[in-house]
2 protein chains.
Amino acid sequence: MTPPQFNSWQSIQDEVLRRIHAREWPPGTVIPNEADLAQDFGCARATVNRALRALADAGILERRRKAGTRVALHPVSRATVDIPLIRQEITARGLVYAYRHLSRRIASPPRDVAATLCAGTPCEGLHVTALHLASDAPFVFEDRWISLTTAPAAAAQGFETLSANEWLISTIPYTHGDIRFSAEVAPESIAELLGTSPGAPIFVVERTTWDHTRAITTVRLNYAPGYSITTGIGTPS
Amino acid sequence: MTPPQFNSWQSIQDEVLRRIHAREWPPGTVIPNEADLAQDFGCARATVNRALRALADAGILERRRKAGTRVALHPVSRATVDIPLIRQEITARGLVYAYRHLSRRIASPPRDVAATLCAGTPCEGLHVTALHLASDAPFVFEDRWISLTTAPAAAAQGFETLSANEWLISTIPYTHGDIRFSAEVAPESIAELLGTSPGAPIFVVERTTWDHTRAITTVRLNYAPGYSITTGIGTPS
DNA sequence: GAGTGGTCTAGACCACGGT
DNA sequence: CCGTGGTCTAGACCACTCG
């Protein structure tokens with residue numbers, strides 16, 4: 001009469017999830033501590049720790065020293081979105097990728113860009129615009145500023161055949177960044193570039209990347225109508 | 001003259017990142033195996049494993065048994081997006097949350113919804129629409145179908161004062177789901193509900209949640225113009 | 001087949017933070 | 001203060017997969 005064996009951290013994770021779903025541990029419950037669970041499950045505490053930590057990472061449990069582990073009251077679902085290179089995004093769909101350089105100039109960025117790129121102080125930036133095409137159809141219009149303070153080597157680049165992003169990630173690695181998704185309506189200039197009519201819905205991704213405390217680049221990606229981002233939520237198995 | 005101590009998995013992670021950024025291990029490089037690194041760093045292999053596994057989760061390293069660990073060629077950045085309750089989304093901005101029930105009826109879902117909700121077979125669903133307001137301003141229009149096969153208890157709910165989502169998550173927990181972000185222009189019906197003009201840009205979130213293999217609900221959230229999702233990318237420190 | 005990462009164990013110490 | 005999670009260790013076995 002051996003009860004089901006809990007020998008792997010995944011099986012423990014499943015069992016904990018089962019107890020939560022079965023309302024044995026309703027939201028808000030403080031569950032037993034790791035040592036007790038380890039004894040219940042007949043395994044080492046480290047194994048329990050691994051399982052509970054994974055569930056905490058997923059937002060299902062909340063853990064605090066001394067206070068213990070409780071089932072999250074508000075199951076905030078957490079979705080992990082992969083942001084691939086645009087080239088990969090297109091070829092992964094079985095389409096042919098093409099890059100079309102549009103403009104390049106060195107200038108002082110507008111106030112809003114300067115605020116993040118130069119931390120308010122006046123600075124010079126490299127402004128690059130380009131179009132990425134999927135099997136000859138406009139896919140996304142890229143409008144980018146690169147900090148010449150952080151990435152002076154960019155000044156020597158024309159970006160005529162290689163996209164700025166691909167050059168940057170292999171030359172000026174970033175430590176972190178932030179990203180914003182929004183919806184906008186295509187102004188005439190962008191609609192024309194994307195081959196749609198003004199007023200078409202545009203999915204916009206704005207991204208800024210940093211090397212420690214210094215901003216490297218900020219880019220605005222205007223996706224042609226029909227674009228969407230899909231991903232999964234739930235227990236990262 | 002002790003060299004920098006690598007005693008915590010975080011310090012090892014930092015050191016590995018430093019070597020990657022410093023081009024000591026350029027993209028594509030196969031780095032030494034865990035046992036060797038453990039000796040280099042003067043720590044246990046488990047500690048190295050923890051550090052490298054975290055970097056692999058972040059998409060910076062790729063690991064395969066026998067093949068070893070290599071620096072990712074394409075630094076796919078991975079963003080983690082929290083999907084809170086709409087109530088929380090609004091109150092977190094310091095606004096007053098209000099829920100306005102619009103309609104509720106039992107019917108056969110349209111073909112596209114039935115495809116996911118009932119796996120193609122004919123079925124009955126509960127169709128609920130509602131408006132979430134932030135300090136009296138329309139914030140998001142919710143258009144939801146609930147499977148009465150998976151969640152029969154929903155038939156007894158009016159959803160007049162409690163949002164369907166809040167009832168569902170505390171009654172029919174889900175195991176996983178999928179989510180889609182896109183941009184659309186407001187059709188007249190939705191523009192009116194959101195208090196904007198037709199043609200306004202609408203950020204759309206479509207989400208379907210499942211209990212193992214059975215779909216629970218599929219919802220389409222139409223956010224009022226100006227909405228955006230922000231998050232960070234980089235090494236989860 | 002053999003090398004590599006994946007995981008488990010039993011024990012230990014530490015840091016945080018409620019009481 | 002002292003319970004709880006966070007982490008490290010040294011060793012072991014296993015599973016996958018490349019050559």
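Residue numbers start from 1 in every chain, and the chains themselves are labelled A, B, ... in the order their sequence lines are given, proteins ahead of strands.
Taking atom CZ of B:Phe41 as the reference point, atom C1' of D:dA10 lies 19 Å away to the nearest angstrom. Protein atom CZ of B:Arg70 is 14 Å distant from nucleotide atom C1' of D:dT17, rounded to whole Å. The separation between B:Glu34 atom CD and D:dT9 atom C1' is 15 Å, rounded to whole Å. Note: CZ (A:Arg63) to C1' (C:dA15) measures 15 Å, nearest angstrom. Atom CG in B:Leu55 sits about 14 Å away from atom P in C:dG5, given to the nearest Å. Note: CD (A:Gln39) to C1' (D:dT4) measures 16 Å, nearest angstrom. The CD atom of B:Glu62 sits 13 Å away from the P atom of C:dG6 (whole-angstrom rounding). If you measure from atom CG of A:Leu61 to atom C1' of D:dT4, you get 15 Å, rounded to the nearest angstrom.
Judged by distance alone with a 3.5 Å cut-off, no donor-acceptor contact links the side chain of A:Arg45 to the base of D:dT4. Between the side chain of B:Arg64 and the base of C:dG6, no donor-acceptor pair under 3.5 Å is found.
Surrounding CD of B:Gln88 are more than 12 heavy atoms belonging to other residues, nucleotides or ligands, all under 6.0 Å away.
Positionally, the nearest nucleotide of DNA chain C for B:Thr69 lies more toward the 5' end than for the other of B:Thr69 and A:Thr47. Residue whose closest nucleotide on DNA chain D sits further toward the 5' end, between B:Ala46 and B:Lys66: B:Ala46. The 5' end of DNA chain D is approached more closely, in terms of each residue's nearest nucleotide, by A:Gly68 than by the other of A:Gly68 and A:Arg53.
Counting only heavy atoms from C-beta on, B:Asn33 has its side chain closest to C:dG5 among D:dT9, C:dG5, D:dG6. Listed nucleotides C:dG6, D:dT9, D:dC18 differ in distance to B:Asn49; the shortest reach to its side chain belongs to C:dG6. For B:Arg65, the side-chain atoms get nearest to D:dC16 when compared with the rest of D:dC8, D:dC16, D:dC18.
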Give the intermediate values and the outcome of ring pair (Phe, Tyr, Trp, His ring centres under 6.0 Å) for residues A:Tyr97 and A:Phe139. CA-CA 9 Å; A:Tyr97 174 76; A:Phe139 186 76; 8.9 Å; no
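Within the 4.0 angstrom heavy-atom criterion, only backbone atoms of the sugar-phosphate kind lie near B:Arg50; the bases stay farther away.
Checked by atom type, the side-chain pair A:Thr217/A:Arg144 shows a donor-acceptor distance below 3.5 Å. Counted by atom type alone, B:Thr218 and B:Thr208 present one or more donor-acceptor pairs between their side chains at under 3.5 Å.
Aromatic ring pairs are classed by plane angle as parallel below 30°, tilted from 30° to 60° and perpendicular above 60°; the pair B:Tyr227 and B:Tyr223 is parallel.
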